[in-house]
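Excluded from the calculations below are hydrogen atoms, water molecules and symmetry mates; all remaining heavy atoms, backbone and side chain alike, are included. Whatever order the structure lists ligands and atoms in, that order sets their numbers, starting from 1.
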Amino acid sequence: MCYGQTGAGKTFTMSGGKQSYKQRGIIPRALGHVFSEVKSMPDREAKISIQYLEIYNEALYDLLDITTQPHEISIYESSRGVVTVSGLRTAVVTSEAEALALLFEGETNRVIGEHQLNRESSRSHSIFTIMIELRPLGEAGGDVLLSRVALVDLAGSERVSKTKSEGLVLREAGHINKSLSILEQVILGLGDKNRDHVPFRSCKLTHVLKNSLGGNCRTVLVANVWSDVAQTDETVSTCRFAQRMMRVTCEISANVVQDSSARVRQLERQVAELQQELAMHDAMAMRSGMQYTPYNAAQRGELRSRVLDFLMADGGDAGGAGPGGVESIDPLELHSLRHMREILLACRVGAAGGGLGWKDRVSSVIRRPSSAGSSTGVAAAAARQPSGNGYGGGHGGAGGILNGPGLVRAERPGNAGVAPDDFRPMAPDRWVLWLTALEDYKAGPGALKARLLADNRAKLKTSRTRAKELGLAVNAAKRELDSLKTREEELKRQRVQQRGEGSQVLDAEEYDILMRIKELKVSYKENFNELQIIKSEVDYTQGLVEQCNKELLLEFAEWYESTYGRPPADDGGDDDASSSPRCGPSPLQPSAAMASTGPVASARAAGARYPPPQPLEATAGTTTAGRTAMAPPSPSGSSVSAGSSRGAGAAAAAAVRMKPRAGGGKVPLSSLVAPSGEELSSPQAMAYYNAQQMLLQKTTGVVHRPGSVKKTRPTAAFGGGARG
Ligand SMILES: Nc1ncnc2c1ncn2[C@@H]1O[C@H](COP(=O)(O)OP(=O)(O)OP(=O)(O)O)[C@@H](O)[C@H]1O
């Protein structure tokens with residue numbers, strides 16, 4: 001801030017002489033300095049803007065904006081005491097030249113007058129403000145440093161006796177002197193710590209300069225004096241003012257603010273970076289198909305379908321590992337918290353639909369014995385079932401998969417194909433039927449696809465295992481490389497310290513380390529390359545598995561519909577077949593062609609609403625209770641037409657043979673083989689058996705158990721009493 005009597009050289013000091021570049025004043029020098037400083041900070045982004053205010057006769061004028069319509073410029077003070085001038089043009093400048101052009105434009109707009117002491121006397125106070133916003137360049141959202149430099153060229157105090165002012169110039173002098181007098185009082189007030197009130201608001205000049213005098217600021221006063229004996233009084237007066245000014249002390253701190261919009265951008269960028277990081281970790285750990293965004297309806301439906309598939313693939317609790325045991329089941333891997341939540345949601349949806357036994361099912365999965373080679377026979381399973389529970393293994397928890405609710409594709413008028421998200425809960429009894437039919441389908445017409453699915457799953461498992469191994473090897477190699485490099489650096493430093501810079505002789509340890517590093521680099525590269533290949537293989541096979549699974553289910557749905565009719569709406573499964581008019585052609589009844597002969601016909605004759613099942617457990621010649629005829633196994637490992645239990649079409653497709661067994665008699669379920677020759681897994685066989693038991697009971701009221709034939713009263717839930 002330049003202060004002094006008129007003609008002392010304030011404007012010359014602040015703006016400079018017009019003769020040469022050398023005479024440039026503080027303002028152009030400050031602008032040059034600001035821009036060169038900004039240039040020397042490539043890691044920062046600066047926004048520079050300027051304002052140029054004039055206070056003339058206690059009125060505010062915008063020196064950068066005189067061409068536009070006159071507009072009100074007013075002083076606004078916030079509750080926190082921050083003073084701003086509203087309505088003032090703030091010109092953002094990107095170069096020194098641009099800023100200088102505006103400075104010159106503003107100066108030409110200033111009011112000047114002529115009097116005895118100065119031919120070009122400034123008749124106003126001017127405040128040229130440079131505002132700088134500095135923020136980290138690559139790190140939007142960091143702290144923003146706000147700076148403000150107010151370069152003030154005060155009008156000079158003048159003694160009218162000396163200036164001989166009159167008229168307008170005299171009036172201007174009055175305003176000038178008055179405002180300078182208030183400025184002096186303000187400075188006095190600021191210098192006196194005991195003073196409560198500082199009259200900032202007494203005039204426009206002090207009000208505007210409030211934050212530049214007593215706020216969070218550093219104030220520099222240039223006291224301009226006219227070194228002439230005739231001006232001694234004014235010089236003394238100026239020096240006294242400067243002296244008072246020196247008493248004013250301020251506590252300053254940097255104006256650092258948080259840019260909220262930039263902060264949002266920063267956080268977004270951070271999230272994106274973390275997602276990339278996560279993706280990289282997933283890639284390294286060979287976790288494909290990870291999803292961190294919310295699931296859409298189709299994806300949710302797909303997952304539900306997979307959960308169901310998982311549960312069905314298990315096929316009950318036959319207990320134990322082995323070719324058909326727990327170990328052969330493809331686990332539902334948990335990829336992420338979101339994935340886990342979705343799986344639990346799928347379970348909950350299922351539970352909400354059927355409920356019965358679902359909890360048991362989950363418990364049985366969790367508690368399933370894992371000892372390899374344990375007995376997988378029916379007897380073992382049966383031993384765990386509560387006796388006389390009505391539905392054989394299917395109801396006691398051991399064969400829990402049959403108890404769980406299923407999902408059925410919702411029907412759409414005129415559209416057999418439905419999206420996976422159209423699954424809705426199915427009553428347990430219907431689900432049993434559906435599940436059993438699926439097993440049939442997989443063993444019969446869908447055997448090829450099922451085999452393909454199983455093959456692809458096996459391949460996927462192998463690839464994943466290999467990828468996991470490679471990932472571990474790559475990570476281990478990386479860790480070892482890092483630690484060896486650190487050790488090598490350390491040894492190198494020691495060698496240089498001991499033998500000097502030029503020493504090239506390595507000791508044994510350093511040599512070994514270098515050799516190992518070389519080896520590791522080769523193996524790292526090989527493993528890494530293989531990892532990339534395996535990764536794409538995993539991704540591809542994963543896709544194949546999903547595709548096969550989807551196709552299998554869709555083809556099965558078609559097959560089911562053509563075999564049994566369209567799945568009915570869920571009516572709770574409590575239809576009374578004997579009384580209902582739906583006893584006739586039911587959606588679930590086999591077609592006439594299918595049901596014309598054999599057990600189907602028998603069942604229909606008996607009023608069975610469902611295709612009658614056939615117990616798989618062949619206790620030759622003994623299972624005659626009820627209305628369903630049992631065919632004993634043929635001596636040659638003969639086939640029991642399990643398929644016939646689901647109609648002729650299914651019979652051909654889903655025939656299950658029994659392995660020949662020395663001595664005949666009972667054949668354990670673990671010996672069952674599918675027509676394809678594929679040995680049924682114990683859980684599959686158990687599920688199959690349980691399902692058939694359940695259906696048998698529903699149609700005939702007979703519960704067949706391994707080693708026993710028992711007649712039970714059908715439950716009301718199936719309304720099948722009339723058929724017993
Ligand atoms: N250091 C200097 N070297 C050369 N000329 C100067 C110097 N200081 C001031 N002058 C000249 O003196 C005259 C008066 O200076 P200036 O207008 O800057 O005074 P002022 O203090 O601003 O006066 P006022 O208060 O009336 O505006 C100008 O013609 C200017 O060129």
Under 3.5 Å, is there a donor-acceptor pair linking the side chains of S121 and R123?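 Side-chain D/A pair, S121 to R123: present.
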
Residues which pass side chain to side chain donor-acceptor pair (under 3.5 Å) with T486, listed by chain and number, not counting sequence neighbours: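 Checked T486 against side chain to side chain donor-acceptor pair (under 3.5 Å); zero matches.
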
Gap between atom NZ of K525 and atom NZ of K521 - 0.5 Å precision: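 Going from NZ on K521 over to NZ on K525, the span is 10.5 Å.
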
State, to 0.1 Å, how close T238 and G4 come at their nearest heavy-atom pair, and which atoms those are.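 Looking at all heavy atoms of both residues, the closest pair is OG1-CA, 3.9 Å.
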
Can you tell me which residues line ligand 1 if we count any heavy atom under 4.0 angstrom from one of its atoms, in chain and number order?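 Protein residues near ligand 1 are Q5, T6, G7, A8, G9, K10, T11, F12, N118, E120, S121, S122, G156.
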
Kindly assign one of parallel, tilted or perpendicular to the pair F128 and Y52, based on the angle between their ring planes and the thresholds 30° and 60°.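 The rings of F128 and Y52 stand perpendicular, inter-plane angle above 60°.
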
Any sub-3.5 Å donor-acceptor pair from E133's side-chain atoms to I48's backbone N or O?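 No; judged by distance alone, with no hydrogens or angles, the pair does not exist.
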
